[in-house]
2 protein chains.
Amino acid sequence: MTLPPHAGDTQTGANGTGPADGAAPAAAAPVTRAIPEATVARLAVYLRMLGEFAEQGADTVSSEELATASGVNSAKLRKDLSYIGSYGIRGVGYEVRSLHHQIERTLGLDEPQTVAVVGIGNLGHALAGYGGFVGRGFPVTALFDIDPDLVGIHINGILVDHVRDIARVCRERGVTIGLVATPGPAAQSVCDQLVAAGVRCILNFAPVVLQVPPQVEVRKVDLAVELQVLAFHVARRRDSEAAARVPLDGTAGAHLAALPNSPAATNGHGAVNGSAVS
Amino acid sequence: MTLPPHAGDTQTGANGTGPADGAAPAAAAPVTRAIPEATVARLAVYLRMLGEFAEQGADTVSSEELATASGVNSAKLRKDLSYIGSYGIRGVGYEVRSLHHQIERTLGLDEPQTVAVVGIGNLGHALAGYGGFVGRGFPVTALFDIDPDLVGIHINGILVDHVRDIARVCRERGVTIGLVATPGPAAQSVCDQLVAAGVRCILNFAPVVLQVPPQVEVRKVDLAVELQVLAFHVARRRDSEAAARVPLDGTAGAHLAALPNSPAATNGHGAVNGSAVS
DNA sequence: TGATGTGAACTTATTCACAGCG
DNA sequence: CGCTGTGAATAAGTTCACATCA
């Protein structure tokens, strides 16, 4: 039964921002006010796009350009940026380099991070060699598994250690982020060991809800769930199309509750949501 | 360049549902009302947990039990379930099997799905062999790459085809979902080919915003962004702890930005963070 | 009695629209 | 004049709390 000790944190990809309760008020936040959760995730995206703009030699970008590249609308982007301060130039846009730096700072990326991957199965193996991490300041420096066939080998130049050594190795190498890529049943135990080793960030790929003390931050990535959400949207869309296109045959979608055509989806033509901005 | 034809859809893991404006009222919705986006994602999680409860031989679960297992609170769970109908028994809970079935149906999982992976790098390779898909009704049946060293080999019993054959192979095998795991620059082209092949669901691991026609649904998974969000939360927490613990130094606020990189004197343990930026 | 189902209150997030500045 | 920055308006999502019913 294990009634959760300290109520659920969230760890579902969208975590609730700190309660900002009375205890320690805004003491240390001089400029940067509490940044909404949703904004934080997008800042990371803007950051990457700014990197690309910089590579292409751009000096400035308008909110419109950066927004488009990032897949959001410009109002949202400007609002997001407003949470970290006013670094834009009216009538011009944002200075690429400077904005990049500000976001980096805001996200805490000026602190060095070091990643450990636990569970060197299919996914863990891929994560161990994933180029997308090093390039973004998240070098993988420790790997763990319990399989004797894996312990001792090197992947991408990194030795695979036994899970029992998590604490020691993580401390030695200053690991700050742990990726849990074990099968579900092993995840909690592995997580506990990471926490014991002082790791405060965990990205969980296992299909379980990890129990952690409040100072530890967990995010969950669940690929099967992503696929199911996709499947849902397409099924819904197919149903509503069927209903709209073949209004004959009332039996179109079973009877019971074959997901009713979304009423609002009516915007007929490809025009998509009115976000046609002007 | 390439001003997007039809403004951004979203594709960021949390897509906006239709605007549901006043125009077309609830005329055609017999039972199942429009299901909120956030709810859909959680339904997939409940589904998995129900599967586990079933395996353990449970006949019924209370909202409290299922909620705890899923990492949400019971009110939210009940509200979520209320969108798909009333399948609970007051005073008792939910019948595991029946609820499982209802959610499955709601998510459109009674339709067979077939997955293709494009880009057999580190990540793509892992996705190709990922056990979490088959078990959940998303068998991978096609793999693509352009690397001559990869084309022709088998992974997990599946032949790797050349990207140029996407259309033909996808049609032949009835692929419904495409996973794009290519490098950024190749992603859009690959995406276009998938769309041309009739694929309507795309899970994008490449760090770009894919442009697709409105009938295609895209979700994006960005591991580097996940790590950055984690890093942010921990940095913030560390900062506020530092502020709360070491309230001396009244200059805390500096003036403008310069986020007073809180001295690493924070977490006593051998944590790293020594080097402050510059 | 004990858990569901749900309107209503509340919180968070997005969009609008325009003042203000370079 | 063009683009940023932002208050105000909307919309989406969550939590509360309790009527309801097996």
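In this text the structure is predicted, and so the values were computed from the model without any measurement. All values below come from the heavy atoms of this structure, side chains included, with hydrogens, waters and symmetry mates left out. Each chain gets a letter, A, B and so on, in the order the sequences are listed, and its residues count up from 1.
Inter-residue side-chain proximity for B:Y94 and B:E65 is flagged as unmet; no heavy-atom pair is nearer than 4.5 Å. Residues A:V40 and A:Y83 are not in side-chain contact: their nearest non-hydrogen atoms beyond the backbone lie 4.5 Å or more apart.
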Show each protein N/O and nucleotides 7-12 of chain C N/O combination with a separation under 3.5 Å, one pair to a line.
from, atom 1, to, atom 2, distance (Å)
C:dG7, N7, B:K79, NZ, 3.4

Please write out each protein N/O paired with an N/O of nucleotides 19-21 of chain D under 3.5 Å, distance rounded to 0.1 Å.
from, atom 1, to, atom 2, distance (Å)
D:dT20, O2, B:R90, NH1, 2.5

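The distance from atom CG of B:D59 to atom P of C:dA3 is 17 Å, rounded to the nearest whole Å. As rounded to whole Å, 14 Å separates atom P of D:dT4 from atom CD of A:E95. Rounded to whole Å, atom P of D:dC3 lies 12 Å from atom OH of A:Y94. A:K76 places its NZ atom 21 Å from the P atom of D:dA9, with the value rounded to the nearest Å. Computed from coordinates, the B:E64 CD to C:dG5 C1' distance equals 15 Å when rounded to whole Å. Atom CZ in A:R78 sits roughly 10 Å away from atom C1' in C:dA17 (whole-Å rounding). Here the P atom of nucleotide D:dA22 and the OH atom of B:Y87 are 16 Å apart, to the nearest Å. For B:L77 and D:dT15, the CG to P distance is 12 Å, given to the nearest whole Å.
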Stepwise side chain to side chain contact (heavy atoms under 4.5 Å, CB included) test for A:F53 and A:L66: CA-CA 9 Å; A:F53 276 103; A:L66 184 52; 4.0 Å; yes
Chi angles and distances behind the side chain to side chain contact (heavy atoms under 4.5 Å, CB included) call for B:V45, B:V72: CA-CA 10 Å; B:V45 175; B:V72 303; over 6 Å; no
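For D:dG13, neither phosphate oxygen OP1 nor OP2 lies less than 4.0 angstrom from any side-chain nitrogen or oxygen of B:Y83. Dashed line: the shortest gap from a side-chain N or O of B:N73 to OP1 or OP2 of D:dT14 is not under 4.0 Å. Between A:S63 and D:dT4 there is a side-chain polar atom (N or O) within less than 4.0 angstrom of OP1 or OP2. The shortest distance between the side-chain N/O atoms of B:R42 and the OP1/OP2 oxygens of D:dT14 is below 4.0 Å.
Look at B:E37 and B:R219 and you find a salt bridge, because one of the NZ, NE, NH1 or NH2 atoms lies within 4.0 Å of a carboxylate O, short of that distance.
The listed nucleotides are C:dG5, D:dC16, D:dT14; the one nearest the side chain of B:A38 is D:dT14.
Both A:D80 and A:V92 lie close to DNA chain D; mapped to their nearest nucleotides by heavy-atom distance, the more 5′-ward contact belongs to A:V92.
By the ring pair (Phe, Tyr, Trp, His ring centres under 6.0 Å) test, B:F133 is found to be paired with B:Y130, residues two or more places apart in sequence or in another chain being considered. Remark: A:T60 pairs with no residue by the side-chain hydrogen bond (donor to acceptor under 3.5 Å, both in side chains) rule, at least two apart or across chains. B:R200 pairs by the salt bridge (charged side-chain N to carboxylate O under 4.0 Å, His left out) definition with A:E241, not counting sequence neighbours.
Within the structure, salt bridge (Lys or Arg N to Asp or Glu O under 4.0 Å) contacts touching residues 88-101 of chain B (residues at least two apart or in different chains) do not occur.
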